[in-house]
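These notes concern the structure reproduced below.
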Amino acid sequence: MKDFLKMVSRTYHRNYEYSMEAIKSQQISCAYFNPDTTLDSGIVDGLIDWGIRLDTICTWDKNVENLNHESCHVRGIREFLSNPRDVKIMFLHPLLWLTVLDKQISKVGVDTISLCDMQDAIDKKNILTENLPRLYETYSCFEQEESRKAYLAVILGKISNRIHDYHFAPEPQYMLEGFLPKQGDIAIDGGAYDGGTAKLFASLGAKVFAFEMDKYNYNLCCERAKLHDVVVENMGLSDREGEEHYKSIGTASSKQENGNETAHFISIDTYVERKDLPRVDYIKLDVEGAELDVLQGAASSIIKWKPKMALSAYHKTEDLWMLREYISSICPSYRFEFRHYPIDVTDYWLGEYEKSLLTEYNLGNKIPTGCEMVLYCY
């Protein structure tokens with residue numbers, strides 16, 4: 001309780017709205033990181049018009065000559081890191097991967113804040129604070145100190161929009177000891193994307209049934225998994241069977257009523273019965289916000305076999321408590337752990353240009369973001 005209350009106390013003065021008002025009222029010297037060869041003048045002028053003391057525009061060194069602004073000095077990131085002058089806050093462009101800069105910028109005593117829509121930030125803060133009792137109930141379920149630390153950090157990080165408020169796990173995603181499928185297990189991989197996790201689970205000796213609704217991703221998955229004991233299904237998982245629309249956007253393809261593509265969806269319970277599977281030992285879900293629907297469609301399998309599960313818990317704010325609540329409601333004997341992972345972009349997500357910048361500035365291939373949170377169930 002003590003650590004939870006300490007986190008709650010911090011949110012009052014570290015939330016995004018309060019921080020931005022304080023930065024403005026105290027006229028703290030700020031910089032803005034612009035990642036492109038053209039200036040995002042809407043962001044720059046918006047900050048200045050709002051009353052922020054924006055003295056510096058920072059960018060990749062190769063872009064400096066292309067950028068200019070009458071109110072701000074433009075500096076390359078290397079020059080900035082060698083001498084930040086009196087800048088105390090660096091606003092990062094909303095591009096998700098730019099949070100990778102935080103580690104180097106914070107070394108020179110400059111705080112970073114990822115810019116976002118103010119109303120979105122207020123709404124997120126409100127839904128979290130309104131559900132503090134439910135958050136505390138889920139927090140209390142975790143047995144490992146790392147789980148509790150990561151969970152509290154997620155709540156604070158979502159409210160502050162500061163990447164260094166988060167607490168990231170050292171192991172690769174889904175690789176938490178004691179929570180992996182083992183030799184002879186039957187594993188369900190929901191949201192298989194390019195087959196990376198399916199291949200991983202099969203290498204551990206599991207028989208994997210991988211589900212990927214997106215036709216393009218499905219082909220990637222088939223190619224990667226073809227030499228392993230993986231059955232790849234060009235279907236989505238849901239709480240019922242039928243044809244549904246989805247929006248095809250690579251790693252983030254998701255079921256949407258106004259989507260530009262259609263796919264067949266099926267529940268895990270229906271699939272298990274139809275394929276006459278003897279049991280389900282493991283379930284991994286990363287289905288872009290449909291995790292609760294899929295769990296509801298797997299209720300019989302969960303109750304009957306109590307599989308280990310690794311569930312993405314970040315697509316919706318309420319996933320932080322609702323996924324755990326639902327599982328506990330149908331199978332009270334489950335125990336839980338929680339981790340937050342950086343995104344490893346070694347072979348996916350970013351384009352070659354972005355990856356070349358990571359190499360040029362020695363930033364590494366692990367991007368800390370407000371995504372990739374996993375609820376482990378056993």
Side-chain angles (χ1 to χ4, degrees), residues 3-4 7 11 16 96-97 99-100 102 114 116 120-121 124-125 127-129 131-132 134-180 189-191 193 196-197 200 251-252 254 282-295 308-328 334-345 348-349 366-378:
D3 289 339
F4 190 87
M7 177 277 299
T11 65
Y16 186 80
L96 189 61
W97 72 277
T99 49
V100 73
D102 172 75
S114 297
C116 69
D120 287 346
K124 189 185 298 182
K125 178 197 70 174
I127 191 173
L128 287 166
T129 54
N131 286 278
L132 284 173
R134 300 171 79 176
L135 287 162
Y136 179 70
E137 185 178 355
T138 295
Y139 165 79
S140 300
C141 291
F142 302 135
E143 297 184 1
Q144 298 176 6
E145 181 61 27
E146 276 295 296
S147 296
R148 293 179 174 229
K149 189 181 295 185
Y151 194 73
L152 293 183
V154 161
I155 299 169
L156 181 60
K158 281 182 172 290
I159 289 175
S160 72
N161 238 39
R162 287 169 157 95
I163 201 66
H164 48 262
D165 282 340
Y166 290 109
H167 179 76
F168 294 95
E171 74 274 353
Q173 190 170 357
Y174 304 119
M175 290 292 287
L176 184 61
E177 185 177 355
F179 293 90
L180 283 164
D189 184 353
Y193 179 52
T197 49
L200 168 65
T251 60
S254 60
Y282 180 88
I283 297 174
K284 166 257 171 182
L285 297 179
D286 187 356
V287 288
E288 303 304 315
E291 284 78 11
L292 184 57
D293 285 349
V294 177
L295 289 172
K308 293 177 185 175
M309 293 190 285
L311 312 174
S312 288
Y314 66 91
H315 297 105
K316 298 177 179 177
T317 302
E318 55 267 33
D319 286 343
L320 283 173
W321 61 88
M322 290 188 68
L323 299 182
R324 197 281 309 167
E325 288 179 349
Y326 177 72
I327 295 163
S328 293
Y334 263 104
R335 294 185 292 174
F336 304 91
E337 301 297 346
F338 184 87
R339 293 294 189 275
H340 186 190
Y341 296 96
I343 300 176
D344 188 336
V345 298
Y348 94 119
W349 191 40
K366 291 189 176 180
I367 312 295
T369 72
C371 308
E372 309 306 330
M373 298 151 197
V374 177
L375 178 69
Y376 290 99
C377 319
Y378 65 109

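Keep in mind that the numbers below use all heavy atoms, side chains included, and drop hydrogens, waters and symmetry copies. One-based numbering along the sequence shown.
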I'd like to know if the side chain of Lys316 and the backbone of Gly289 have a donor-acceptor N/O pair within less than 3.5 Å. yes
Search all heavy atoms of Thr251 against all heavy atoms of Glu288 and return the closest pair with its distance. O-OE2, 3.4 Å
Within-4.5 Å side-chain heavy-atom neighbours: Phe336 and Leu323: no
Between Tyr139 and Phe4, how do the two ring planes meet: parallel, tilted or perpendicular, split at 30° and 60°? tilted
So Tyr326 and Leu292, do their side chains get closer than 4.5 Å, heavy atoms only? yes
Does any part of the side chain of Ile327, heavy atoms only, come nearer than 4.5 Å to the side chain of Met309, both counted from C-beta? yes
In Å, rounded to the nearest 0.5 Å, how long is the span from CG of Leu96 to CD1 of Ile367? 9.0 Å
Please set out all donor-acceptor pairs under 3.5 angstrom arising from side-chain atoms of residues 147-159, sequence neighbours excluded.
unit_1: Ser147; atom_1: OG; unit_2: Glu337; atom_2: OE1; d: 2.5
unit_1: Ser147; atom_1: OG; unit_2: Phe338; atom_2: N; d: 3.0
unit_1: Ser147; atom_1: OG; unit_2: Phe338; atom_2: O; d: 3.4
unit_1: Ser147; atom_1: OG; unit_2: Arg339; atom_2: NH1; d: 2.8
unit_1: Arg148; atom_1: NE; unit_2: Phe142; atom_2: O; d: 3.0
unit_1: Arg148; atom_1: NH2; unit_2: Phe142; atom_2: O; d: 3.3
unit_1: Tyr151; atom_1: OH; unit_2: Leu320; atom_2: O; d: 2.8

Locate the shortest heavy-atom distance separating Ala169 from Tyr341; write the atom from each residue and the value. CB-CE2, 3.6 Å
What verdict does the side-chain contact (heavy atoms from CB on, under 4.5 Å) test give for Thr11 and Met7, after you've listed the backbone C-alpha separation in whole Å, the side-chain angles of each residue and the deciding distance to 0.1 Å? CA-CA 6 Å; Thr11 65; Met7 177 277 299; 3.7 Å; yes
Nearest 0.5 Å, please: how far is CZ in Arg335 from OH in Tyr378? 4.0 Å
Quick one: OG1 on Thr99 to CG on Asn161, what's the gap to the nearest 0.5 Å? 10.5 Å
Closest heavy-atom pair, Pro368 versus Val100, reported as atoms and distance to 0.1 Å, is CD-CA, 3.9 Å
Enter the distance from Tyr174:OH to Tyr282:OH here, rounded to the nearest 0.5 Å. 7.5 Å
Going by the salt bridge (Lys or Arg N to Asp or Glu O under 4.0 Å) test, which pairs reach into residues 369-378, not counting sequence neighbours? none
Are Gln173 and Asp344 packed together at the side-chain level, in the sense that at least one heavy-atom pair is separated by less than 4.5 angstrom? no
Minimum heavy-atom separation for Trp321 and Leu128, please, with both atom names. CZ3-CD2, 4.2 Å
side-chain contact (heavy atoms from CB on, under 4.5 Å) for Met373 and Asp319? Distances and angles first, verdict last. CA-CA 10 Å; Met373 298 151 197; Asp319 286 343; over 6 Å; no
So, does His340 use its side chain to make a donor-acceptor pair with the main chain of Thr369 at under 3.5 Å? yes
Check: Leu285 and Leu295 side chains under 4.5 Å, non-hydrogen atoms: yes
All heavy atoms of Ser160 vs all of Tyr16, minimum pair found to be O-CD1, 3.9 Å
Would Leu200 and Met175 satisfy side-chain contact (heavy atoms from CB on, under 4.5 Å), going step by step from the backbone distance to the final call? CA-CA 9 Å; Leu200 168 65; Met175 290 292 287; 3.5 Å; yes
Let me confirm one number: the NZ-CG distance from Lys124 to Asp120, rounded to the nearest 0.5 Å. 7.5 Å
Ser312 backbone acceptor or donor facing Asp286 side chain under 3.5 Å: no
Determine whether Leu375 and Arg324 satisfy the following criterion, side-chain contact (heavy atoms from CB on, under 4.5 Å), listing intermediate values before the conclusion. CA-CA 8 Å; Leu375 178 69; Arg324 197 281 309 167; 4.1 Å; yes
As an exercise, state the distance from OG1 of Thr138 to CZ of Arg134, rounded to the nearest 0.5 Å. 8.5 Å
With the side chain counted from C-beta on, respond yes when Asn131 and Glu318 share a heavy-atom pair under 4.5 Å apart, and no when they do not. no
Tell me, please, which residues at least two apart from Glu145 pass salt bridge (Lys or Arg N to Asp or Glu O under 4.0 Å). none
Side-chain donor or acceptor of Glu137 paired with backbone N/O of Leu135 under 3.5 Å: no
